[in-house]
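Please read these numbers as outputs of a predicted model, since none were measured by experiment.
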Amino acid sequence: MNKISFILSAAVLAFCLNSCVNTRNTVTTNIPGWVGMYAGVMPCADCPGIQTLVELLPDSTYTIQTKYMDRSDELFTQTGKFLWDAQNNTIALDNLFIKRLLVEDHSLTVLFDGQEESLIPIEMYTLKKTDTELTGNFWKLVELNGAPVETEQSHGGPHMVFDKYTHRFSGNAGCNRMMGSFQLKAPGSIAFSQAATTQMMCLDMELENQFLKILDLVIKYTIKDDILTFTNESETPLARFAFVPSH
């Protein structure tokens with residue numbers, strides 16, 4: 001191979017490598033922030049509420065799942081396409097019931113063209129971003145502040161369960177039942193609030209006191225190999241939970 005051919009080949013190879021790298025980066029970094037799942041309980045005229053789950057995909061398609069509370073366990077599923085309006089941060093869906101959504105602060109709010117829903121607080125029509133791997137599962141506490149936690153019963157002892165629709169958690173702190181609210185502010189970010197427990201007294205309250213204290217320090221969470229880990233701002237592990245399959 002002569003010198004000119006070598007230079008040309010090297011230039012072509014460099015261009016191809018650079019193009020491949022750029023293409024790969026474009027695919028991984030240009031995923032829109034609104035992609036994900038959003039859940040909440042929408043108002044219902046003749047039932048306690050409509051459990052609603054909206055999934056937005058990068059290819060501008062959506063899935064909406066609804067279930068009428070206290071009626072039946074029937075799940076209604078709708079799919080379709082939507083258009084993203086970057087200027088107004090809104091999404092237009094080809095859906096009969098939910099036609100427009102406002103995207104803000106990791107939430108979706110249903111927008112109406114008419115005035116009939118104007119008397120109902122807008123919060124009633126807001127769906128919050130959720131993580132279906134975190135929510136709806138039984139998480140058993142197995143480690144706290146670096147020390148192992150051992151319990152005899154798989155579905156007893158210290159644990160947490162996260163509701164994807166109400167964004168509330170429940171469980172056991174070690175002695176008392178506990179409940180409260182959680183917020184997923186960003187992917188992998190979580191904050192707890194309004195934590196409360198029953199008021200029973202046990203012989204050993206040390207585990208419970210430590211467990212409740214770390215909830216105020218949790219900033220992030222990760223799920224890997226069926227292990228849920230809570231960490232603080234410096235990413236120091238505070239607690240670890242093991243996924244326990246339902247009966």
* To do: Say whether Asn176 and Glu208, considering side chains only, have a donor N or O and an acceptor N or O under 3.5 Å apart.
  => yes
* Asked: Going hydrophobic residue to hydrophobic residue with side-chain gaps under 4.5 angstrom, can you get from Met42 over to Met69?
  -> no
* To do: Count the heavy atoms belonging to other residues, nucleotides or ligands that lie under 6.0 Å from CZ of Phe97, then report whether that count exceeds 12.
  => no
* To do: Show the numbers, then the answer: is there a side chain to side chain contact (heavy atoms under 4.5 Å, CB included) between Leu215 and Phe169?
  => CA-CA 12 Å; Leu215 294 182; Phe169 69 87; 4.3 Å; yes
* Asked: Which residues satisfy the ring-ring contact (aromatic ring centres under 6.0 Å, His included) test with Phe230, sequence neighbours excluded?
  -> Phe192, Phe241
* To do: Flag the pair Gln183 / His106 as yes when at least one side-chain heavy-atom distance between them is below 4.5 Å, and no otherwise.
  => no
* Atom CE in Met178, atom CG in Leu212: separation rounded to 0.5 Å? -> 6.5 Å
* **Any Thr130 side-chain heavy atom under 4.5 Å of His167 side chain** => yes
* Evaluate the side-chain proximity of Met160 to Phe211: yes if any heavy-atom separation is below 4.5 Å, no if none is. => yes
* To do: Can you measure from OH (Tyr62) to CG (Asp94) and round to the nearest 0.5 angstrom?
  => 4.0 Å
* Evaluate whether atom CZ of Arg168 has more than 12 neighbouring non-hydrogen atoms of other residues, nucleotides or ligands under 6.0 angstrom away. => yes
* Can you see which heavy atom on Tyr38 is nearest to which on Gly33, and at what distance? => OH-O, 4.2 Å
* Asked: Is Phe112 reachable from Ile50 through a run of hydrophobic residues whose side-chain heavy atoms are each under 4.5 Å from the next?
  -> yes
* Structure fact -> Note: Val103 and Trp84 closest approach over all heavy atoms is CG2-CZ3, 3.7 Å
* **Test log, rule side chain to side chain contact (heavy atoms under 4.5 Å, CB included), inputs Trp139 and Ile223** => CA-CA 11 Å; Trp139 296 101; Ile223 299 175; 4.0 Å; yes
* **Over all atoms of both residues, closest heavy-atom pair of Asp131 and Tyr221** => OD2-OH, 2.7 Å
* Mind running side chain to side chain contact (heavy atoms under 4.5 Å, CB included) on Phe138 and Phe243 for me, showing each step along the way? => CA-CA 6 Å; Phe138 188 102; Phe243 166 72; 6.0 Å; no
* Structure fact -> Taking every heavy atom of Glu233 against every heavy atom of Ile219, the minimum-distance pair comes out as N-CG1, 3.6 Å
* To do: Please tell me if the side chains of Leu184 and Leu134 come closer than 4.5 Å, counting only heavy atoms from C-beta onward.
  => yes
* Asked: Quick one: CE on Met37 to NZ on Lys129, what's the gap to the nearest 0.5 Å?
  -> 11.5 Å
* Under a 4.5 Å side-chain heavy-atom rule over Ile, Leu, Val, Met, Phe, Trp and Tyr, are Trp34 and Val110 clustered together? -> yes
* To do: Check whether Val35 and Ile91 end up in the same hydrophobic cluster, where Ile, Leu, Val, Met, Phe, Trp and Tyr are linked by side-chain heavy atoms less than 4.5 Å apart.
  => yes
* Answer yes or no: is there a side-chain heavy-atom contact under 4.5 Å between Phe182 and Val218? => no
* side chain to side chain donor-acceptor pair (under 3.5 Å) contacts in which one or both residues fall within residues 48-59, not counting sequence neighbours -> Asp59-Thr61
* Structure fact -> Taking every heavy atom of Ile214 against every heavy atom of Leu238, the minimum-distance pair comes out as O-CD1, 4.1 Å
* Flag yes if Leu101 and Leu53 sit in one hydrophobic cluster, no otherwise; membership is Ile, Leu, Val, Met, Phe, Trp, Tyr, and two members link when side-chain heavy atoms are under 4.5 Å apart. => no
* With a 4.5 Å heavy-atom cut-off, do Leu108 and Thr126 have their side chains touching? -> no
* First locate atom CD of Gln65, then atom OG1 of Thr77, and finally report the distance between them rounded to the nearest 0.5 Å. => 4.0 Å
* Asked: Is Asp70 close to Cys47 at the side-chain level, that is, under 4.5 Å between some pair of heavy atoms?
  -> no
* Beyond-backbone contact of Val149 with Val142, side-chain heavy atoms, under 4.5 angstrom -> no
* Compare every heavy atom of Val41 with every heavy atom of Gly49, then report the nearest pair and how far apart it is. => CA-CG1, 3.7 Å
* Please state whether the rings of Tyr68 and Phe76 are parallel, tilted or perpendicular, taking 30° and 60° as the class boundaries. => perpendicular
* Structure fact -> Which of Thr66, Thr63, Ile64 passes side chain to side chain contact (heavy atoms under 4.5 Å, CB included) with Val54? Answer is Ile64
* Asked: Between Asp105 and Ser107, is there a donor-acceptor pair closer than 3.5 Å when you use the side chain of the first and the backbone of the second?
  -> no
